[in-house]
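We're numbering straight along the sequence, starting at 1. In listed order, ligands and their atoms are each counted from 1.
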Amino acid sequence: ELVKNISGLVDLERELKGLLKLERVIVVPGDSCEDETVKQEMGAVAAKTLSSLVNPGDIISVAGGSTLARMANMAPKKTKDQNNMIVPARGGLGERVEIQANTVAAELANNFNCSYRMLHVPDEVSKESLNTLLLEPKVNEILDLIKNANILIHGIGRAEEMAKRRGLSQERVSSLLDKGSVGEAFGFYLDKKGGVVERVNTVGLTLEDLNDINKVIAVSGGSDKSEAILAMLETGHDDFLITDEGAARKIYNLL
Ligand code: F6P
């Protein structure tokens with residue numbers, strides 16, 4: 001197999017931006033699946049990028065996961081209140097509290113010196129319970145904010161890893177994989193072409209809602225995640241990609 005080689009990260013960023021039709025691609029050196037400090041660096045760059053893209057009054061929607069949790073940790077302290085609001089992108093997705101979207105929203109808001117709301121909807125609830133929850137004014141109030149987000153920042157995971165992390169049965173993991181799932185983002189399991197294989201039954205942003213969001217930022221790295229990242233990018237919803245060299249070189253070779 002011919003390995004397309006490209007030397008500098010700036011060239012790699014430019015090539016990927018063109019090939020993937022993105023507004024901007026940022027590649028940090030290293031491979032976060034081998035080196036934890038690379039994930040930290042990716043988080044720092046993501047936080048800085050987000051900070052530079054936020055306008056006063058913007059509603060920022062955030063996903064969960066370890067990468068986004070890092071982003072919130074590393075976010076620069078803002079002193080001026082710019083009337084921003086941070087909300088989780090969706091309800092519970094089966095993550096540990098430390099890396100849930102609710103926690104990311106609270107921590108980021110603390111650093112950005114702005115307000116936040118949490119969405120207390122458990123993951124994988126029945127349709128019936130979801131409908132009942134949707135009758136709650138408080139839940140609706142937050143969903144309204146979520147649906148009006150101007151910016152979304154989200155992670156991307158490998159379908160298999162995410163299904164296991166969420167404690168799905170071996171049977172359901174196999175079924176997801178048999179149906180071609182390779183990637184996952186905010187509760188949507190995606191195939192190679194960006195088609196939705198399955199979604200976690202919760203409330204909040206759907207893929208279609210992303211059409212109305214001005215700036216959609218994906219933050220995900222690690223050479224093991226190249227296929228997953230590409231699956232999400234295939235949906236055509238992202239504007240910005242913040243990744244690492246490990247993933248970027250592999251993605252480039254998949255194109
Ligand atoms: O579960 C929330 C989530 O954002 C998923 O949508 C995504 O696949 C995952 O976290 C990414 O997690 P990590 O950054 O830990 O790889």
| task | Check ring-ring contact (aromatic ring centres under 6.0 Å, His included) between F188 and all other residues, then give those that pass, not counting sequence neighbours. | result | F186
| Any sub-3.5 Å donor-acceptor pair from K147's side-chain atoms to G204's backbone N or O? | yes
| task | Under the side chain to side chain donor-acceptor pair (under 3.5 Å) rule, collect the residues that match up with S126, sequence neighbours excluded. | result | S129
| said: When you measure from the side chain of T235 to the backbone of A231, do you find a donor-acceptor pair of N or O atoms at a distance under 3.5 Å? | reply: no
| request: Could you name the protein residues that come within less than 4.0 Å of ligand 1, counting only heavy atoms, and order them by chain and residue number? | output: A63, G64, G65, S66, T67, E95, I156, G157, M162, R165, R166, E184, A185, F186, K225
| task | Could you tell me whether a side-chain N or O of N111 sits under 3.5 Å from a main-chain N or O of A72, the two making a donor and an acceptor? | result | yes
| query | Can you list the residues that meet the side chain to side chain donor-acceptor pair (under 3.5 Å) rule with K48, with sequence neighbours excluded? | reply | none
